[in-house]
Amino acid sequence: MAEEEYYDSELSDKQKKEIAKWFLLNSPAGEIQYIAKDLKSVLNDERVYNEAAQEAFPLYNKSHLISLELPDRSGDVLITPYNELDKNEYLDPRDAQVATVNHVKQVCTEARPAVDEELPSPYIEEYRYALDAEMLKYVGEAYPKGVCSVYCVNGKDVEGPGSNFELVVVISAVKQSPKNFCNGSWRSVWNIEFKDEVQVLVIRGKIQVGAHYFEEGNVQLDAKNECKVETKFQAPEESAHSIANIIRHHEAEYLASLEASYSNLPDTTFKDLRRKLPVTRTLFPWHNTSQFSLTRDIQKELGIGK
């Protein structure tokens, strides 16, 4: 009886906010604005929606490595944890600018010149600049709509040989084709530790590929891969060339493995998903969604409603 009374009760504002955040954070690549529009309509509560959006959008934008056009249209700035100066400011080291971002609207509202304290030392910049140039060439060839950047995440004040430092390469590419009922994204992050004392570079890569197909169904792919490689610590240009070749090799190898895996899937795997979904005219009781298993599962995952 107590359980029945619980599932017949209204959700609290806190529960509604947490569920709204869950949906926003789990939006497929490039689709969060569509989800947000529907959530706003379903919630019918401006305050609850705004609280959920203010908390969810920054996390989503950083985890999906979205890119935003600079106000003067001179280029793009990536939104990542690696170039975040504060909750709304992100460094673009290529042009030595700091972009101010509206996370919920996903726009860059203004940009200012970066100050010296926000930029790496001249010694570190040699390595960062050389690697950035190599990555621009690679991404331009490999990803038609790809964006990349290189950041110093450790040791940015190192003035010369004798100390360790760390760079990170971020690559982000999104393919949106809603008219064809599919969207996809490629996200890769490569951390490069420059270990001066042993003259070694330790390269750790994380690749994440997402795809969403929603023609007469709903199929999502979320594939991840990690790798670790070591190579020789050299001068900036030589190090950059070596790192770029390693990244190129591993990303091409992983993409080839994905293509091989999914091209060999039997037709029966998605047989049921190709059927049309049923269409009914039954109104959905949004005011009392806690009685449905999906909401119960979300509540369990979020640890609410107990």
Side-chain angles (χ1 to χ4, degrees), residues 58 61-62 65-72 74-101 108 110-140 146-172 187-206 228-248 250:
N61 293 341
K62 287 183 286 185
L65 309 176
I66 71 165
S67 65
L68 301 177
E69 189 176 49
L70 292 167
D72 62 0
S74 61
D76 299 288
V77 60
L78 278 166
I79 309 305
T80 84
Y82 310 104
N83 63 329
E84 185 178 31
L85 301 180
D86 68 23
K87 62 181 181 180
N88 294 318
E89 287 194 330
Y90 294 83
L91 175 66
D92 173 23
R94 186 175 298 142
D95 295 318
Q97 295 188 88
V98 174
T100 301
V101 169
C108 178
E110 60 180 299
R112 63 168 174 82
V115 299
D116 289 344
E117 291 75 16
E118 295 167 334
L119 297 170
S121 69
Y123 173 72
I124 298 299
E125 178 61 17
E126 281 190 75
Y127 283 90
R128 195 212 65 79
Y129 178 86
L131 182 54
D132 189 51
E134 287 287 343
M135 296 314 302
L136 276 172
K137 287 190 289 185
Y138 161 59
V139 171
V147 180
C148 68
S149 195
V150 181
Y151 311 105
C152 180
V153 292
N154 282 309
K156 75 181 183 70
D157 296 324
V158 170
E159 295 292 346
S163 298
N164 301 337
F165 60 95
E166 184 178 359
L167 301 180
V168 60
V169 174
V170 176
I171 300 172
S172 178
R187 289 168 274 166
S188 58
V189 176
W190 298 86
N191 288 76
I192 305 102
E193 292 182 73
F194 289 74
K195 297 192 171 185
D196 189 274
E197 72 277 8
V198 290
Q199 291 294 288
V200 167
L201 304 183
V202 179
I203 304 169
R204 292 181 175 85
K206 294 182 180 180
K228 178 182 176 182
V229 187
E230 292 187 5
T231 190
K232 186 179 178 182
F233 191 144
Q234 303 175 79
E237 289 75 15
E238 288 76 11
S239 290
H241 185 69
S242 178
I243 294 166
N245 282 340
I246 289 170
I247 292 175
R248 180 183 287 107
H250 281 279

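The first residue of the sequence shown is numbered 1, and numbering continues consecutively from there. Excluded from the calculations below are hydrogen atoms, water molecules and symmetry mates; all remaining heavy atoms, backbone and side chain alike, are included.
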**Report entry** Ring geometry between Tyr82 and Tyr151 (parallel below 30°, tilted from 30 to 60°, perpendicular above 60°)
**Finding:** parallel
Requested in this report: Using modelled atom types only, decide if a donor and an acceptor are shared between the side chain of Gln199 and the backbone of Asp196 within a distance under 3.5 Å.
Outcome: yes
Query raised in the report: At what distance, to the nearest 0.5 angstrom, does CD of Gln234 lie from CD1 of Ile243?
Result: 9.5 Å
Query raised in the report: For the atom pair CD1 (Ile66) and OG1 (Thr80), what is the distance rounded to the nearest 0.5 Å?
Result: 11.0 Å
Query raised in the report: Taking the side chain as C-beta and beyond, is there a heavy-atom pair between Thr231 and Ile203 under 4.5 Å?
Result: yes
Report summary line: All heavy atoms of Arg128 vs all of Pro120, minimum pair found to be CD-CG, 4.4 Å
Report task. Step through the shown structure and confirm whether more than 12 heavy atoms of other residues, nucleotides or ligands are within 6.0 Å of NE2 on His250. Result -> yes
Query raised in the report: Looking at Cys152 and Gly155, what are the two nearest heavy atoms and their distance?
Result: SG-C, 4.0 Å
Query raised in the report: How many angstroms lie between atom NZ of Lys62 and atom NZ of Lys87, to the nearest 0.5 angstrom?
Result: 11.0 Å
Query - Charged N-O contact under 4.0 Å between Arg112 and Glu118 - result: yes
Query - CG-OG distance between Leu78 and Ser149, expressed to the nearest 0.5 angstrom - result: 6.0 Å
Report task. Mind checking the CD1-OG spacing from Ile79 to Ser67? Nearest 0.5 Å is all I need. Result -> 8.5 Å
Requested in this report: Decide yes or no for Cys148 and Ile171: does some side-chain heavy atom of the first lie under 4.5 Å from some side-chain heavy atom of the second?
Outcome: yes
Query raised in the report: Side chains of Ser239 and Leu201: closer than 4.5 Å at any heavy-atom pair?
Result: yes
Requested in this report: Step by step, work out the side-chain contact (heavy atoms from CB on, under 4.5 Å) result for Arg187 and Val170.
Outcome: CA-CA 8 Å; Arg187 289 168 274 166; Val170 176; over 6 Å; no
Query raised in the report: What are the two closest non-hydrogen atoms of Pro236 and Ala130, and how far apart are they?
Result: O-CB, 3.7 Å
Requested in this report: Would you mind reporting whether Leu136 and Arg94 have side-chain heavy atoms less than 4.5 Å apart?
Outcome: yes
Query raised in the report: So how far is it from Leu91 CG to Leu85 CG, rounded to the nearest 0.5 Å?
Result: 5.5 Å
Query raised in the report: What's the shortest heavy-atom distance between Asp86 and Glu89, and which atoms?
Result: OD1-N, 2.9 Å
**Report entry** Gln97 side chain reached by Leu70 side chain, heavy atoms, under 4.5 Å
**Finding:** yes
Query raised in the report: Can you find a heavy atom in the side chain of Val98 that is under 4.5 Å from one in the side chain of Tyr90?
Result: no
Requested in this report: Step through the shown structure and confirm whether more than 12 heavy atoms of other residues, nucleotides or ligands are within 6.0 Å of OH on Tyr123.
Outcome: yes
**Report entry** Matching residue for Asn164 among Glu193, Glu197, Lys195 - test: side-chain hydrogen bond (donor to acceptor under 3.5 Å, both in side chains)
**Finding:** Glu197
Query raised in the report: Just wondering, do Val202 and Ile192 contact through their side chains at under 4.5 Å, heavy atoms?
Result: no
Query raised in the report: For the residue pair Phe165 and Ile124, what are the closest heavy atoms and their distance?
Result: CG-CD1, 3.3 Å
**Report entry** Where Pro71 and Ala111 come nearest, the two heavy atoms and their spacing
**Finding:** CG-N, 4.1 Å
**Report entry** Sub-4.5 Å side-chain heavy-atom contact between Val168 and Val189
**Finding:** yes
